[in-house]
2 protein chains.
Amino acid sequence: MNGLKSLTERQAAVYNFIVEKIQNRGYGPTVREIAEEFGIRSPNGVMCHLKALEKKGAIRRSPHKSRAIELVHDSVQRERGLVLAGRVAAGVLHEAVEQNERIDLGDMFHGPNLFALEVSGDSMIEAQIADGDYVVVREQPTARIGEMVVAETDDGDATLKYWYPEKNRIRLQPANSSMRPIYVQNARIRGVIVGVVRKIG
Amino acid sequence: MNGLKSLTERQAAVYNFIVEKIQNRGYGPTVREIAEEFGIRSPNGVMCHLKALEKKGAIRRSPHKSRAIELVHDSVQRERGLVLAGRVAAGVLHEAVEQNERIDLGDMFHGPNLFALEVSGDSMIEAQIADGDYVVVREQPTARIGEMVVAETDDGDATLKYWYPEKNRIRLQPANSSMRPIYVQNARIRGVIVGVVRKIG
DNA sequence: CATAACTATAGTCATTTGTACACTAGCTCC
DNA sequence: GGAGCTAGTGTACAAATGACTATAGTTATG
């Protein structure tokens, strides 16, 4: 995805050192700082690496400027946000074809195992979740009784419901008194709902 | 709070320029780049500002290094989030004593005129806003008919309601069929609701 | 009014820093 | 075997850059 795989081991080490300096210290290293870090005794040894990194698109530089190393990928800053994985309806979970879409909910909701789904339909309206809302889902394979989950049934449909395992079946309970619960033999939990976000206007 | 208020206008301008360069270009400016930007014809003119900024704690510098300006506050990153201004009930708006509390909703909700309120009570339950939810409010003195607002009446009470101005009065309409609308002669709009966020579990 | 703080000009100096050149050496691929 | 890539050493140089001194106008502040 980011093309950094094509870097050699040494180049990657240099790149990581540069990133680390920029992140932790706020400004990048000089050629000689890099040389010292890696025990390279000539500025030109570093120049070779920088030229290689620039050619491979990892960094950008301005000639004759000190510390003027610009990170092209800037990965640490751009990875904020949750993957918007698609829409979940009373019926089918429409997985987003393009998983590039992200919504950034800041510190409130973030983590490697969280993702977001847009809600379609009013099956959870009495749980104060309306059509068009986003639910934040923590990816996990189990849930406690009564938790709201994104569940996938045998026929591949996914749905947003309360999770009630019973003796020989599973009851998927909507929060809408005009709808009836769904009973299935098997269902796989995709995740548990940990948040709701609505944008108005 | 962050002490940046004590900066002079000129110093703040220089500081903002530095921040902008670091954010957009990835590395900070040199003394002479700052001088050129502000039409200062001597490096020493800038040195004075940098010394002042360092003394006031806005930046940190390493002597004899080029572009070695470190942002202490890193304000762009730390000023994320909305002020959690208090709780708004069917009744009184309890303004938070400590306005330090912030909730970070990322790119989804951010801006200088946005703040958040925790909802207390079920007066807007049929608008899918429950007790304990947070509403995101855009601060503004007017609203269109039917918009959901935070309104403050003459007696100082603030409330979360639909906004319906009528001929000789204002109707503040709850979204709860077991509650009656409130009619007042005057009411001041604190802001319009632009979002709802709920954390579950 | 005096003092401090802020802002600025002009010019100089020493250091930092990127760049270039010459040369070496190992490795892969055709 | 040569071309190309990687990874260096060592030296030298010029440009970039921060730091400094001296001087001075302005605006607050007491």
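Predicted model only: the values in this text are computed from it and were never measured. First the proteins, then the strands, lettered A, B, ... as listed; each starts at 1.
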Exercise. Take A:P43 and A:C48, find for each the nucleotide of DNA chain D with the closest heavy atom, and name the residue whose nucleotide sits nearer the 5' end.
Key: A:C48
Quiz item: Is the phosphate of C:dC6, meaning OP1 or OP2, less than 4.0 Å from a side-chain N or O of B:K56?
Solution: yes
Quiz item: Is any side-chain nitrogen or oxygen of B:T8 closer than 4.0 Å to OP1 or OP2 of C:dT7?
Solution: yes
Quiz item: Of the non-hydrogen atoms in B:P181 and B:Q173, which two are nearest, and what is the gap between them?
Solution: CB-OE1, 3.5 Å
Quiz prompt | Atom-to-atom span, CD of A:Q11 to P of D:dG8 - whole angstrom | solution = 10 Å
Self-check item: Near-strand residues of residues 61-69 of chain B, defined as heavy-atom separation under 4.0 angstrom from DNA chain D
Solution: B:R61, B:P63, B:H64, B:K65, B:S66, B:R67
Quiz item: To the nearest angstrom, how far is A:I59 atom CD1 from C:dG18 atom P?
Solution: 11 Å
Quiz item: How would you label the contact of A:T30 with the nucleic acid (heavy atoms, under 4.0 Å): base, sugar-phosphate, or nothing?
Solution: sugar-phosphate
Exercise. Calculate the interatomic distance between B:E9 atom CD and C:dA8 atom P; express it in whole Å.
Key: 11 Å
Quiz item: Quick check: are there more than 12 heavy atoms from other residues, nucleotides or ligands sitting under 6.0 Å from CD of A:E166?
Solution: yes
Quiz item: Whole-Å distance between C:dG26 P and A:R10 CZ?
Solution: 17 Å
Exercise. Answer with base, sugar-phosphate or nothing: what part of the nucleic acid does B:R32 contact at a heavy-atom distance below 4.0 Å?
Key: base
Exercise. Report the distance from atom NZ of A:K21 to atom P of C:dT17, rounded to the nearest whole Å.
Key: 13 Å
Practice problem: Provide, to the nearest angstrom, the distance between the CE atom belonging to A:M47 and the P atom belonging to C:dA20. | Solution: 6 Å
Quiz item: Toward the 5' end of DNA chain D, which comes first, A:A52 or A:V46, by nearest nucleotide?
Solution: A:A52
Exercise. Find out whether the Lys NZ or Arg CZ of A:R67 is both under 6.0 angstrom from the six-membered ring centre of A:Y27 and within 45° of the ring's axis.
Key: no
Exercise. Quickly work out the A:L53 CG to D:dT6 P distance and round it to whole Å.
Key: 10 Å
Exercise. Measure distances between side-chain N and O atoms of A:N44 and base N and O atoms of D:dT11, and say whether any donor-acceptor pair falls under 3.5 Å.
Key: no
Practice problem: By nearest nucleotide on DNA chain C, pick out whichever of B:R41 and B:K55 is the more 5' one. | Solution: B:K55
Exercise. Verify the neighbour count for atom CD of B:E36: are there more than 12 heavy atoms of other residues, nucleotides or ligands below 6.0 Å?
Key: no
Quiz prompt | Enclosure of B:N113 CG (heavy-atom neighbours >12, cutoff 6.0 Å) | solution = yes
Practice problem: Inspect the surroundings of CG in A:N24 and state if more than 12 heavy atoms from other residues, nucleotides or ligands are less than 6.0 Å away. | Solution: yes
Quiz item: Ion pair present between A:R25 and A:E33, side-chain N to carboxylate O less than 4.0 angstrom?
Solution: yes
Practice problem: Calculate the interatomic distance between B:L50 atom CG and D:dC20 atom P; express it in whole Å. | Solution: 13 Å
